[in-house]
Amino acid sequence: MLSIIITHYETLNLLIKCLDSIKKFEGKKDFEVIVCDSQAQEKTKQIIKKNYPRVRYIKFTKNVGYGRLVNAGIKVAQGNYYLILNADVIVNFNGIEKMLNYFDNNPDIGVLGPKLLNIDGTLQNSCFRWYDFWVVLARRTSFGKTNFGKKVLAKFLMEDYDKKHPREVNWVMGSAFLTSKKVIQKVGLIDSRFFMYFDDVDFCKRVWLAGFKVVYFPEAIFIHHHLKSSDSKRGVIDIFKNPLTRIHIASYIKYTLKWMFKKNLIRFLQSRIFLKIKKFSVCLIIL
């Protein structure tokens with residue numbers, strides 16, 4: 001069984017389009033739909049109750065962030081597979097079927113991301129290499145317009161990949177991806193300490209470390225009304241003018257500190273000093 005978990009925050013018109021795209025294949029597949037709504041409004045609840053009676057609706061009175069919404073859906077989901085969607089994504093049955101079949105035939109996959117198109121039909125970047133300081137600098141300042149900055153962005157955006165065939169990637173955008181109960185049981189839920197941004201990067205990193213693969217799957221094509229709210233094309237001015245830019249940068253710092261700590265901890269646990277301490281502690285216990 002498939003559980004489709006939709007995260008929503010004050011975009012009712014887009015949510016309706018998303019639900020309508022799913023409603024078209026009722027009866028073709030055993031699935032459930034769960035809408036997790038941040039800062040929920042009564043109007044949204046009533047529309048879903050009236051027009052989409054099969055949908056399970058979970059509401060939060062405050063804006064709780066992406067991670068808590070996804071986790072709330074996973075905790076009540078009945079399916080063995082979880083299709084995580086933002087409310088601004090329009091899906092199609094053929095794409096979902098292809099994703100499920102590919103996931104079934106490749107048990108080492110932990111996350112499968114579809115090809116995403118903009119509303120004008122152009123390709124949307126949704127698979128990436130890992131972030132580093134130079135990537136953030138190139139995306140947020142005029143450094144990205146320099147020759148070196150352009151090379152940094154091209155590598156990050158995987159412009160050397162034609163995106164016409166499935167391929168292992170570092171991470172895929174959290175707007176739309178397929179995972180499974182088996183993966184969640186081993187990897188854990190989305191880290192809700194990230195209010196927005198980098199929760200998908202963090203989750204994919206944990207998937208890789210758990211022994212699963214993250215794969216970009218262009219044979220499934222969804223439409224994404226991506227607003228890019230954290231980027232107003234004003235460079236560093238956004239840091240002062242756009243609160244979402246500040247959240248994005250704060251999440252990057254949080255992500256960096258989290259993995260820097262884990263990396264150093266692993267190094268320490270593998271070091272000679274720790275092994276000597278461990279050996280000495282065992283001797284003391286024996287004595």
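These numbers come from a predicted model, not from an experiment.
A donor-acceptor distance shorter than 3.5 angstrom exists from the side chain of Tyr66 to the backbone of Gly174, with no hydrogens or angles considered. Under a 3.5 Å cut-off, the side chain of Ser192 and the backbone N or O of Gly67 do not form any donor-acceptor pair. Counting only distance, with no hydrogens or angles, the side chain of Thr179 and the backbone of Gly110 share a donor-acceptor pair below 3.5 Å. Under a 3.5 Å cut-off, the side chain of Asn105 and the backbone N or O of Asn101 do form a donor-acceptor pair. Using a distance-only test at 3.5 Å, with no hydrogens or angles considered, a donor-acceptor pair links the side chain of Ser38 to the main chain of Val64. Judged by distance alone, the side chain of Asn118 and the main-chain N or O of Gly121 form no donor-acceptor pair under 3.5 Å. Checked by atom type and distance alone, the side chain of Lys163 pairs as donor or acceptor with a backbone atom of Met158 at under 3.5 Å. Asp200 contributes no side-chain N or O that, together with a main-chain N or O of Met173, makes up a donor-acceptor pair within less than 3.5 Å.
Not a single side chain to side chain donor-acceptor pair (under 3.5 Å) links Gln78 to another residue, sequence neighbours left out. When the side chain to side chain donor-acceptor pair (under 3.5 Å) test is applied to Thr7, the partners found at least two apart in sequence or on another chain are Asn86. With sequence neighbours excluded, no residue forms a side chain to side chain donor-acceptor pair (under 3.5 Å) with Asp30. Ser180 is linked by a side-chain contact (heavy atoms from CB on, under 4.5 Å) to Tyr81, Phe103, Lys182, Val183, counting only residues two or more places apart in sequence or in another chain. Shown here are the side-chain contact (heavy atoms from CB on, under 4.5 Å) partners of Cys18, two or more places apart in sequence or in another chain: Ile6, Ile22, Leu85. Applying the side-chain contact (heavy atoms from CB on, under 4.5 Å) criterion to Val136, with sequence neighbours excluded, gives Tyr131, Arg140, Tyr252. Legend: residues meeting side-chain contact (heavy atoms from CB on, under 4.5 Å) with Ser21, ordered by chain and number and at least two apart, are Ile90, Val91.
Between Tyr82 and Ile74 the shortest heavy-atom distance is CE1-CG2, 3.9 Å. What you find for Val70 and Ile5 is that their closest heavy atoms are O-CG2, 4.3 Å. Closest approach of Phe60 to Ala72, counting heavy atoms only: CZ-CB, 3.8 Å. Nearest heavy atom pair, residue Ser3 against residue Gly79, reads OG-N, 2.9 Å. Taking all atoms of both residues into account, the shortest heavy-atom contact from Tyr57 to Gln41 is OH-O, 4.1 Å.
Evaluation of the salt bridge (Lys or Arg N to Asp or Glu O under 4.0 Å) test over residues 90-110, restricted to residues two or more places apart or in two chains, returns Lys29-Glu97, Asp108-Lys213. For residues 120-134, the set of pairs meeting the salt bridge (Lys or Arg N to Asp or Glu O under 4.0 Å) definition, not counting sequence neighbours, comprises Arg129-Asp160.
A donor-acceptor pair shorter than 3.5 Å can be found between the side chains of Trp259 and Asp202.
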Throw together a table of side-chain donor-acceptor distances under 3.5 angstrom for residues 44-55, partners on residues two or more places apart or in other chains.
from: Gln46; atom 1: NE2; to: Glu42; atom 2: OE2; distance (Å): 2.5
from: Tyr52; atom 1: OH; to: Asp20; atom 2: OD1; distance (Å): 2.7
from: Arg54; atom 1: NH2; to: Phe31; atom 2: O; distance (Å): 2.6

Scan the side chains in residues 143-150 for donor-acceptor partners under 3.5 Å anywhere in the protein, sequence neighbours excluded, and list what turns up.
from: Thr146; atom 1: OG1; to: Phe143; atom 2: O; distance (Å): 2.6
from: Thr146; atom 1: OG1; to: Gly149; atom 2: N; distance (Å): 3.0

Could you pull out every donor-acceptor pair under 3.5 Å between side chains of residues 184-191 and any protein atom, sequence neighbours left out?
from: Lys186; atom 1: NZ; to: Ala210; atom 2: O; distance (Å): 3.0
from: Asp191; atom 1: OD1; to: Arg193; atom 2: N; distance (Å): 3.0
from: Asp191; atom 1: OD1; to: Arg193; atom 2: NE; distance (Å): 3.0
from: Asp191; atom 1: OD2; to: Arg193; atom 2: NE; distance (Å): 3.3
from: Asp191; atom 1: OD2; to: Arg193; atom 2: NH2; distance (Å): 2.9
from: Asp191; atom 1: OD2; to: Lys258; atom 2: NZ; distance (Å): 2.8

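Linking ILVMFWY residues whenever their side-chain heavy atoms come closer than 4.5 Å, directly or via other members, leaves Phe194 and Tyr9 in distinct clusters. Linking ILVMFWY side-chain heavy atoms closer than 4.5 Å, directly or via other members, places Phe128 and Trp134 in a single hydrophobic cluster. Transitive grouping of hydrophobic side chains (ILVMFWY, heavy atoms separated by less than 4.5 Å) brings Leu116 and Ile119 into a common cluster.
Classification of the His226-His224 ring pair by plane angle, with boundaries at 30° and 60°, yields parallel.
The ring-ring contact (aromatic ring centres under 6.0 Å, His included) test with Tyr255 is passed by exactly one of Trp130, Phe203, Phe198, Phe133: Phe198.
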